[in-house]
Amino acid sequence: MRFCKYLANMELTRYAQGRAYEYEMRFLAKLPVFRGSLNRLNLMAPKVLFAAEELKLTIGRQVIYDNAEFYINANERVALVGRNGSGKSTLLRLITNKEIPSSGKITRAKNLRVAELPQDFELDNTRTIRENVADSLGYFRDLQKRFETISVNSPEHAQIEHELLIHDGWNLEAKIDIVLEKLNLSKMADQLCDKLSGGEMRRVALSRAIVAEPDLLLLDEPTNHLDVSTVEWIENFLADYRGSCLFVTHDRYFLDRVATRIVELSHGKFYSYPGSYAEFIAAKAERESNEDVLEQKRRSFLRSEIEWVRRSPKARLKRNMGRMKKFDEIAAKSAPVRDKEMELLIPKATRLGNKTVNLTQISQTFKANPIIHDFSFEFAPKSRLGVVGPNGIGKSTLLRIIMGQLAPDFGQVEISPTVEFNYIDQSRIALDPEKTVSEEIGEDSDTIYLGDEKISIWGYLKRFLFEDERINTKIRYLSGGEKARLMLAKTLKKGGNFLILDEPTNDLDLSSLRLLEEALFCYDGCVLVVSHDRYFLNRVCTGILGFEGDGKIVYTPGDYDYYWEKRQERESDKPSCTPPKRILTEGKPKTSARKLTYKEARELEGMEEAILKVEEKISELESRFGDPDFFAKYGDRSQEFQSELESNRAEAARLYARWEELEQL
């Protein structure tokens, strides 16, 4: 009995930690003395909706799952992460019975209801948006019919009534209206789906999945092509969701705010981590560090034993045979496999003068609606700007005007002769689906030039993680992530000095996103990025151009969070008196209040941008010092860089103090 109490405490502890304890205790269930106790303990365990044991699946020569185990419990929100092509979408198809594993045991909860948003979804283009969304509500309509036909005194009658009440199953049309409104589809609900854009069709498919309120909701990249306000609504919806959710995403803010557990799929195995994205990164690093320590011990053992093995002891002593057996077992183990990192190299920007692109009082309308109204802006060299706003508001139109592809209705666009645009298209339409990967990149040549470096097509593509068999694959057979990497490879090789990226984060995995962020941060040309990925914008951008409706575009220096803070202040009609979030003002002596002079007022007005520029320079220098090849590249200038870093830090401290002094005045 004492041991049973110990097991109960162990189970509760592991449940709190989100561990797969049911697998660890499986062997105990086979022992008759413990079977009754375990059955009682299982009453406390969470309900398992889906479980896969000893799962194996190979596609061609690629091993997708290698004796893997995966589970999802009731009331969980699990984020599934991993490299592109590792098998994340395949797992969702396994859960919905669209894919069959090579071997393994799969268990599903009885009467499990599943709804999904797959990467490749289908809509009935002959029907309206509302009709497509309503298709997923057949379960509740069947419950209504069943409720009306069975006896009022039947226990099933009360059970059905309860389920309809908790899911608001008597008001199906109202449920559809709410979801369509939140996903900005209510005004076009009666429109046929054959006229919709790709982003609109994705929102319809998402509406169809979430309105069904299944036991298990499967979402494959749910935030792609959605604006920030819509993503925030989905975050709130999933946070209060009664069922379970398994989702694949690259949006790190979405992952942090929604997930209760993160599962990584790596080289055919699933690794479960409770907690946030930051905790996942730390736990993964710790796991890999422990694996590396064990591998070092294994190699050390083999080195110490190899000479003895080479002597091939002939004596058939039991100790010799045991020693040989141990050596063979340890030698047969393989080293831990590590993911290769993409070598995302942006060619050095060509010479860019003091002037790049100037927009003077430009205006553009579409069907009598103002898209851009009286907007003037000068793009500074080496700036990295983010463009944000709802879908369909005119962001892509602004890009076309900047590149000279579209003349504005009013205003003037001046493009410096030294500007060379390089554009990554959101829809990837520049890729020919009938060409192979090498044909698309090579363009009738076996080599390409990256600045002054000449490199083979195959060598270049391997930097973007394309293996030999994928290099000769037609583009139409590539995954979304592979197409995104190929589009980056094709565009970046062109060079230029004004890089324009329209939704570059769609379909990229997390490691590729980090590399893209670092490459853009070090790029010495202009960067203009259209993105809804808040984390990406915060890491890359030095300023934000925000579309705020009625043709109004507002520029704010700094990252996305600072732009959003300032926008909230503008909308609430409160004067801005808040310093950037990185500025600490505690413990400073207050000065006596007086009215600012004209010169001081102008100084205060430009203080935010001055501080952000200094902080950016500090970050750039610190990043340079963190380069493993720093002394090989800049050894003779290390003292110069150190003095420059200290000078900028002192200037930042002075600006902080002056900022607070002026604010208090």
Side-chain angles (χ1 to χ4, degrees), residues 227-229 352 354-364 370-390 393-403 408 410-416 419 421 498-502 520-521 523 525-534 536-582 601-617 659:
D227 56 58
V228 173
S229 60
L352 192 64
N354 294 328
K355 291 186 177 181
T356 58
V357 178
N358 290 349
L359 308 178
T360 306
Q361 294 180 320
I362 64 167
S363 295
Q364 186 74 29
I371 296 177
I372 302 171
H373 177 66
D374 196 25
F375 177 59
S376 298
F377 192 77
E378 180 178 342
F379 290 88
K382 299 186 178 182
S383 59
R384 300 189 301 275
L385 302 180
V387 183
V388 301
I393 201 169
K395 300 187 295 295
S396 296
T397 300
L398 177 64
L399 300 187
R400 293 177 63 200
I401 290 174
I402 291 170
M403 292 185 289
F410 301 98
Q412 185 177 3
V413 180
E414 296 178 52
I415 303 174
S416 172
V419 170
F421 291 110
F498 200 121
L499 192 58
I500 297 180
L501 305 98
D502 197 351
L520 291 177
F521 186 84
Y523 184 59
C526 281
V527 177
L528 188 63
V529 181
V530 175
S531 180
H532 299 305
D533 189 325
R534 297 154 289 179
F536 180 84
L537 292 169
N538 280 341
R539 288 203 67 189
V540 169
C541 294
T542 59
I544 300 293
L545 294 173
F547 280 75
E548 299 187 357
D550 298 324
K552 182 181 179 183
I553 304 176
V554 176
Y555 169 71
T556 306
D559 59 19
Y560 176 81
D561 283 346
Y562 189 56
Y563 158 76
W564 187 252
E565 177 186 325
K566 290 298 181 182
R567 180 175 179 177
Q568 296 296 99
E569 291 177 359
R570 288 194 299 271
E571 290 179 350
S572 60
D573 293 325
K574 292 180 180 178
S576 174
C577 60
T578 307
K581 60 184 180 180
R582 289 175 287 273
R602 292 300 299 265
E603 183 184 1
L604 177 60
E605 187 178 317
M607 189 63 73
E608 297 178 25
E609 192 161 357
I611 288 174
L612 291 167
K613 284 181 178 179
V614 172
E615 286 188 335
E616 182 184 350
K617 186 63 177 176
W659 170 283

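The chain is numbered in sequence order, starting from 1.
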Flag side-chain contact, heavy atom, 4.5 Å: Ile544 against Tyr562: no
Where Gly389 and His532 come nearest, the two heavy atoms and their spacing: O-CE1, 3.1 Å
Sequence neighbours left out, what passes side-chain contact (heavy atoms from CB on, under 4.5 Å) with Pro390? Give chain and number order. Asp227, Ile393
Residues Ser531 and Leu537: closest non-hydrogen pair is O-CD1, 3.7 Å
From the list Lys617, Glu615, Glu609, side chain to side chain contact (heavy atoms under 4.5 Å, CB included) partner of Lys613 resolves to Glu609
So CD1 of Ile401 and CD1 of Ile372: to nearest 0.5 Å the spacing works out to 4.0 Å
How long is the straight-line distance from CD1 of Ile362 back to CD1 of Ile553, given to the nearest 0.5 Å? 6.5 Å
Going from CE on Met403 to CG on Leu398, what distance comes out if it is rounded to the nearest 0.5 angstrom? 9.5 Å
Ignoring hydrogens and angles, tell me if any N or O in the side chain of Asp502 forms a donor-acceptor pair with the backbone of Ser396 under 3.5 Å. no
Between the CD1 atom in Ile402 and the CG atom in Asn358, the distance rounded to the nearest 0.5 Å is 11.5 Å
How about Tyr555: does its OH atom have over 12 heavy atoms from other parts shown lying under 6.0 Å from it? yes
So, do Val529 and Phe536 sit near enough that their side-chain heavy atoms are less than 4.5 Å apart? yes
For Glu548, the side-chain contact (heavy atoms from CB on, under 4.5 Å) test, sequence neighbours excluded, returns Lys552, Val554, Tyr563, Arg567, Arg570
When rounded to the nearest 0.5 angstrom, what is the spacing between CD1 in Ile371 and NZ in Lys395? 11.5 Å
Pairing of Glu569 and Lys566 as salt bridge, 4.0 angstrom limit: yes
Of all the heavy-atom pairs spanning Thr356 and Cys526, show the shortest one and how long it is. CG2-SG, 4.0 Å
Let me have the donor-acceptor pairs involving side chains of residues 373-383, under 3.5 Å, with sequence neighbours excluded, atom names and distances please.
from	atom 1	to	atom 2	distance (Å)
Ser376	OG	Gln361	N	2.7
Ser383	OG	Ala380	O	2.7

Restricting to non-hydrogen atoms, name the atom on Leu520 and the atom on Arg384 that form the minimum distance, rounded to 0.1 Å. O-CD, 3.2 Å
